[in-house]
K.L.:
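My questions will all concern the structure given below.
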Amino acid sequence: MEARGDRAQRTALVALATTVVLTAAKLVVWGATGSLTILSQALDSAVDIVVLSLVAFAVRFARKPADRTHQYGHAKAENLVALGQMIVLGVFVVVVGAEAIGRLASGGGEAHAPGYAIAVIALSLAVDLVRARMLIRTGRAEGSAALSAGALNVIADSASAVVALISLGLVRAGFDDADPIGSLVVGLAVTVAAVRAGKRSVDVLMDRAPQAQVAAIEAAASAAAGVAETRRVRVRGDERQFFADVTIAARRTDSLERAHDIAERVEQEIARAVPGTDVVVHVEPVHDTSGLVERVRAAASRADGVHEIHNVNVHSFSEGGRDALHATLHAKVESGLSLGEAHDLSDRIEESVRGELGEDVRVDTHIEPLETTTAAKDVTADRPELVATIRRLALEEADVKDCHEVVLTSSGEQLAVVAHVGGRGDLALARMHEASERIEHA
């Protein structure tokens, strides 16, 4: 199967070779007839030689992968070439148009339209139609801006060839002014094609946001699980590849690992909505929707040296006729800290919480060392009487329907007990938690 990009390169080279032959034929006819219409056709084809040479280069260069100095790839080379085509065509229109107006102002001039001149233009028209079809099909298949712009240029050539045939027919019938008038109509057709293709290339080079893709990417990001809000979407590129920068918001208490998972889900949703998009996702915390406990946990976690925040409680009470808050929390830190270092860290935690909730908040922090992994032994089989007692205590709770697993672990002189219990699926979690606490106390 032909490699992607090779077909575009081959198409550009075939179109270039054909154009060289047609240009030479038109120049020979112009030299024999002096027809301004033939000259405009010859100049247009000469411009095509330059244009298609650049297209062949651009198609090859644009397929180069991203590198250290071009980190977004080289695809814009095609848009630069397409814009160059439009500029060259614009110069051509001005030159030929000025000559045509000059001839009309001076009363026209003698023009000739022999049969061989009409035959050359007719042949050029047939070739242009084949070239246009070939460039359009390949440009769409390869997503090539340069080939698509080249196709528009060839279509303009086809239209101008039709006008040229009409002009030469009128000249042959004795209407000499048809020659400069025909060249002006050709120039108008070329201008329309140039503006259309030039606008598309300018949009890509200026990173104009493709609105349809922006809307699709924003909807896909918002649909990803864990995303509380899609705050900003920036997209640039063209149909071959889009680059998207997406900013989303997630809960403040989400761990770094969970935030990473949410970002990956956003990328997956966007890949389904707009395939081939290169996505960068930035995750920010939600500020306004968090409860007080979450806000305390998030603020305390920001202090350098804190590994984990748990047992967070926030109490509201009235003091001296005004409402006040009292927050208590447990913070796990490195076990090697000195008492003075732990005290300083506690101060930083409390300062961070007050910065979150206000200076009137009282904050009390319990600092505890981060536990390390210790050697332990499973002693479940050695203590059947304790297992039976735990099962009995669990089943005494009205909300507990079964106690299906008990695990006893010994570490030094400590014994850890894990009991798995079940209840009704529609039971409130708070009630089962209360039952679990009563089992632990028993």
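Residues take their numbers from the sequence shown, with the count starting at 1.
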K.L.:
For E269, check salt bridge (charged side-chain N to carboxylate O under 4.0 Å, His left out) against everything at least two apart and list the hits.
P.N.:
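R272.
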K.L.:
Would the distance check show the side chain of R265 and the main-chain N or O of A225 forming a donor-acceptor pair, the cut-off being under 3.5 Å?
P.N.:
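Flag set: sc R265 to bb A225 pair under 3.5 Å.
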K.L.:
On a heavy-atom basis, which atom in G226 and which in I262 lie closest, and how many Å separate them?
P.N.:
O-CD1, 3.6 Å
K.L.:
Quick one: do the H366 and N311 side chains pair a donor with an acceptor below 3.5 Å?
P.N.:
no
K.L.:
Say you draw a straight line from CD1 of I390 to CG of L408; how long is it, rounded to the nearest 0.5 Å?
P.N.:
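The CD1 atom of I390 sits 5.0 Å away from the CG atom of L408.
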K.L.:
Considering the options V283, V227, I217, D261, which one meets the side chain to side chain contact (heavy atoms under 4.5 Å, CB included) requirement together with V266?
P.N.:
V227
K.L.:
Carefully, step by step, assess D364 and H326 under the rule side chain to side chain donor-acceptor pair (under 3.5 Å).
P.N.:
CA-CA 8 Å; D364 290 313; H326 180 199; 2.6 Å; yes
K.L.:
Working to the nearest 0.5 Å, report the span between CD1 of I270 and CD of Q268.
P.N.:
10.5 Å
K.L.:
What are the two closest non-hydrogen atoms of A381 and P384, and how far apart are they?
P.N.:
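Residues A381 and P384, closest heavy atoms: O-CD, 3.7 Å.
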K.L.:
With sequence neighbours excluded, tell me which residues meet side chain to side chain contact (heavy atoms under 4.5 Å, CB included) with V280.
P.N.:
D245
K.L.:
Tell me, which pairs form a ring pair (Phe, Tyr, Trp, His ring centres under 6.0 Å) where one or both residues lie in residues 367-417, sequence neighbours left out?
P.N.:
H404-H420
K.L.:
With sequence neighbours left out, what residues match E257 under salt bridge (charged side-chain N to carboxylate O under 4.0 Å, His left out)?
P.N.:
none
K.L.:
Pair L345, L337 - check side-chain contact (heavy atoms from CB on, under 4.5 Å), show working.
P.N.:
CA-CA 10 Å; L345 177 54; L337 289 182; 4.2 Å; yes
K.L.:
Could you tell me which residues satisfy salt bridge (charged side-chain N to carboxylate O under 4.0 Å, His left out) with E229, sequence neighbours excluded, listed by chain and number?
P.N.:
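E229 satisfies salt bridge (charged side-chain N to carboxylate O under 4.0 Å, His left out) with R231 only.
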K.L.:
Considering residues at least two apart in sequence or located in another chain, which fulfil the side chain to side chain contact (heavy atoms under 4.5 Å, CB included) criterion with R354?
P.N.:
E350, E351, E359, V363
K.L.:
Looking at residues at least two apart in the chain, or sitting in another chain, which of them share a side chain to side chain donor-acceptor pair (under 3.5 Å) with E437?
P.N.:
H433
K.L.:
Please assess V246 against R232 for the test side-chain contact (heavy atoms from CB on, under 4.5 Å), listing each intermediate value before the final yes or no.
P.N.:
CA-CA 6 Å; V246 181; R232 185 175 69 175; over 6 Å; no
K.L.:
What closest approach, in Å, do F242 and P210 show between heavy atoms, and which atom pair accounts for it?
P.N.:
CE2-CG, 3.5 Å
K.L.:
State whether the side chain of S436 and the backbone N or O of M432 hold a donor-acceptor pair below 3.5 Å, judged by distance alone.
P.N.:
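Yes.
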K.L.:
Drop me the distance from I367's CD1 to K332's NZ, to the nearest 0.5 angstrom.
P.N.:
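NZ of K332 is found 12.5 Å from CD1 of I367.
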K.L.:
Do R391 and V387 come within less than 4.5 Å of each other through their side chains, counting heavy atoms only?
P.N.:
yes
K.L.:
Return yes if some donor-acceptor pair links the side-chain N/O of T328 with the main-chain N/O of V312 below 3.5 Å, else return no.
P.N.:
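Answer holds: no.
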K.L.:
So, the side chain of S352 versus the backbone of R348: is there a donor-acceptor pair under 3.5 Å, distance only?
P.N.:
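No: the side chain of S352 does not pair with the backbone of R348.
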K.L.:
Where do V235 and A244 come nearest, in terms of heavy atoms and distance?
P.N.:
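Minimum heavy-atom contact is CG2-CB, 4.2 Å.
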K.L.:
Only one of V353, V314, D360 clears side chain to side chain contact (heavy atoms under 4.5 Å, CB included) with L325; which?
P.N.:
V314
K.L.:
Considering only residues two or more places apart or on different chains, which pairs with a residue in residues 408-434 satisfy salt bridge (charged side-chain N to carboxylate O under 4.0 Å, His left out)?
P.N.:
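Output for this query lists D399-R431, R424-D426.
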K.L.:
If you look at every heavy atom in V296 and A327, which pair is closest and at what distance?
P.N.:
CG2-CB, 4.3 Å
K.L.:
What verdict does the side-chain contact (heavy atoms from CB on, under 4.5 Å) test give for T409 and L415, after you've listed the backbone C-alpha separation in whole Å, the side-chain angles of each residue and the deciding distance to 0.1 Å?
P.N.:
CA-CA 6 Å; T409 305; L415 187 65; over 6 Å; no
K.L.:
Under the 3.5 angstrom rule, does the side chain of S411 hit a backbone N or O of Q414 as a donor-acceptor pair?
P.N.:
no
K.L.:
Got a sec, which residues hit side chain to side chain contact (heavy atoms under 4.5 Å, CB included) with A216, two or more places apart in sequence or on another chain?
P.N.:
V274
K.L.:
Using 0.5 Å steps for rounding, measure from the CG atom of L329 to the OG1 atom of T365.
P.N.:
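That separation rounds to 4.0 Å.
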K.L.:
Tell me, with the steps shown, if V400 and I439 meet side-chain contact (heavy atoms from CB on, under 4.5 Å).
P.N.:
CA-CA 10 Å; V400 174; I439 294 171; 4.2 Å; yes
K.L.:
Do the non-hydrogen side-chain atoms of S335 and L370 ever get within less than 4.5 Å of each other?
P.N.:
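The answer is no; the side chains never approach within 4.5 Å.
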K.L.:
Supply the atom-to-atom distance E396 CD to R392 CZ, rounded to the nearest 0.5 angstrom.
P.N.:
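It comes to 5.0 Å.
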K.L.:
So, using salt bridge (charged side-chain N to carboxylate O under 4.0 Å, His left out) as the criterion, who are the partners of R438 when residues are at least two apart?
P.N.:
E397
K.L.:
At what distance, to the nearest 0.5 angstrom, does OG of S410 lie from CZ of R383?
P.N.:
9.0 Å
K.L.:
Under 3.5 Å, sequence neighbours excluded: what are the donor-acceptor pairs made by side chains of residues 299-310?
P.N.:
from: S301; atom 1: OG; to: R297; atom 2: O; distance (Å): 2.7
from: H307; atom 1: NE2; to: E334; atom 2: OE2; distance (Å): 2.8
from: H310; atom 1: NE2; to: E368; atom 2: OE2; distance (Å): 2.9

K.L.:
Run the side chain to side chain contact (heavy atoms under 4.5 Å, CB included) test against D278 and tell me which residues pass, sequence neighbours left out.
P.N.:
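Q241, F243.
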